[in-house]
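Data first, discussion second: the structure below is written as structure tokens.
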Amino acid sequence: MAESVPAEGPVLTTESLTAGYNGVVAVADVNLSVAAGEVLSILGPNGAGKTTTLLSLAGLLPTMNGQVTVLGEPVDTGRPYRMARRGMRFVPDDRGLFPSMTVNEHLRLARRRPDKTRESMVFDRFPALANLQSRTVGLLSGGEQQMLAIAVALLAEPRLLMVDEMSLGLAPMIVEQMLPAIRDLAHDEGIAVVLVEQHVGLALAVSDRALVLNHGRVVLEGEAGALLRERDRVESAYFGAGEFADDESDGSERQSVL
Ligand code: ATP
């Protein structure tokens, strides 16, 4: 089990989170909060600062300024095992799996203790994995690998799950199955989930709230259903009004992100 933590209050908060690389700011003044059972999507164009934000939330990148609090305590940068012990799981965009190990070996390593109920819950959520237990990860499809990455995180009984670009390299049909599965496990099990996604429409459809980053700043945030209905606001936050206008001026039509 994860360490005992206060049951009330947000699972994750930031106050003026500012982070970057080699002294150069990549994201600035990000304020967010995620409650148990809630899905927050972080959206934005390439280079907007989504992964940087997620790495800072996970304690994998030191903040330059501001504060990240997970389950009532400041994030312990540089000691990810401590955050893992507190119930945080981070699924990177490369999924963090070992190609020569089998599905079953991953699941055995991931579980905190033998727990048949937990294991069958994982197979109920991702039935395809049950028949692939002896297969090595390198031979799994992208979607199967993503299922395994989430299953590995789930076996650790997380309170906070962060997933970077889950849909990277996956066929749209698989993304359409995986994203609702993430929403269901957040809502059913009370896990706070932070998703970084390029599939804006799908992400909004499965999220409770979302924020759009552009050039390292939060330029739009709100309830996901409302944002889904305010297509124009999301589009201009995503592209930035100036860039959007430039593209229209050369006669080309910018592809919608929704
Ligand atoms: P993408 O959707 O393309 O993955 P992103 O929104 O996740 O983009 P980040 O990867 O967070 O964006 O990058 C934000 C900024 O930080 C970019 O300008 C990027 O070039 C820069 N950056 C990212 N990683 C590093 C690094 N390791 N060293 C220096 N600069 C970096």
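Residue indices begin at 1 and follow the sequence shown. One-based numbering, in listed order, for ligands and for the atoms of each.
For Lys50, a nitrogen or oxygen atom sits less than 3.5 Å from a nitrogen or oxygen atom of ligand 1, counting backbone and side chain alike. Between Thr53 and ligand 1, no N or O atom pair is found at a separation short of 3.5 Å.
In this structure, atom 7 (O) of ligand 1 has protein heavy atoms in its sub-4.0 angstrom surroundings. In this structure, atom 23 (C) of ligand 1 has protein heavy atoms in its sub-4.0 angstrom surroundings.
Of all the atoms in ligand 1, the ones that sit under 4.0 Å from a non-hydrogen atom of Pro45 are 6 (O). Every atom of ligand 1 with a heavy atom of Ala48 under 4.0 Å away is listed here by number and element: 5 (P), 6 (O), 12 (O).
Side-chain contact between Leu213 and Ile42: present, with at least one pair of heavy atoms (C-beta onward) separated by less than 4.5 Å. Side chains of Met121 and Phe126 form no contact here, defined as non-hydrogen atoms less than 4.5 Å apart. In this structure, Val234 and Leu220 have side chains that are in contact, with non-hydrogen atoms separated by less than 4.5 Å.
Heavy-atom separations between Gly44 and ligand 1 are all 4.0 Å or longer. Residue-ligand proximity: Gly20 is placed with every non-hydrogen atom at 4.0 Å or more from ligand 1.
Considering CG of Leu168 and CG of Asp94, their distance stands at 9.5 Å, rounded to 0.5 Å. Here the CG-CG distance, from Leu17 to Asn65, works out to 9.0 Å after rounding to the nearest 0.5 Å.
Of the N and O atoms on the side chains of Ser167 and Glu197, at least one donor lies less than 3.5 Å from an acceptor on the other residue.
When only non-hydrogen protein atoms are considered, atom 12 (O) of ligand 1 lies nearest to Gly49 N, 3.2 Å.
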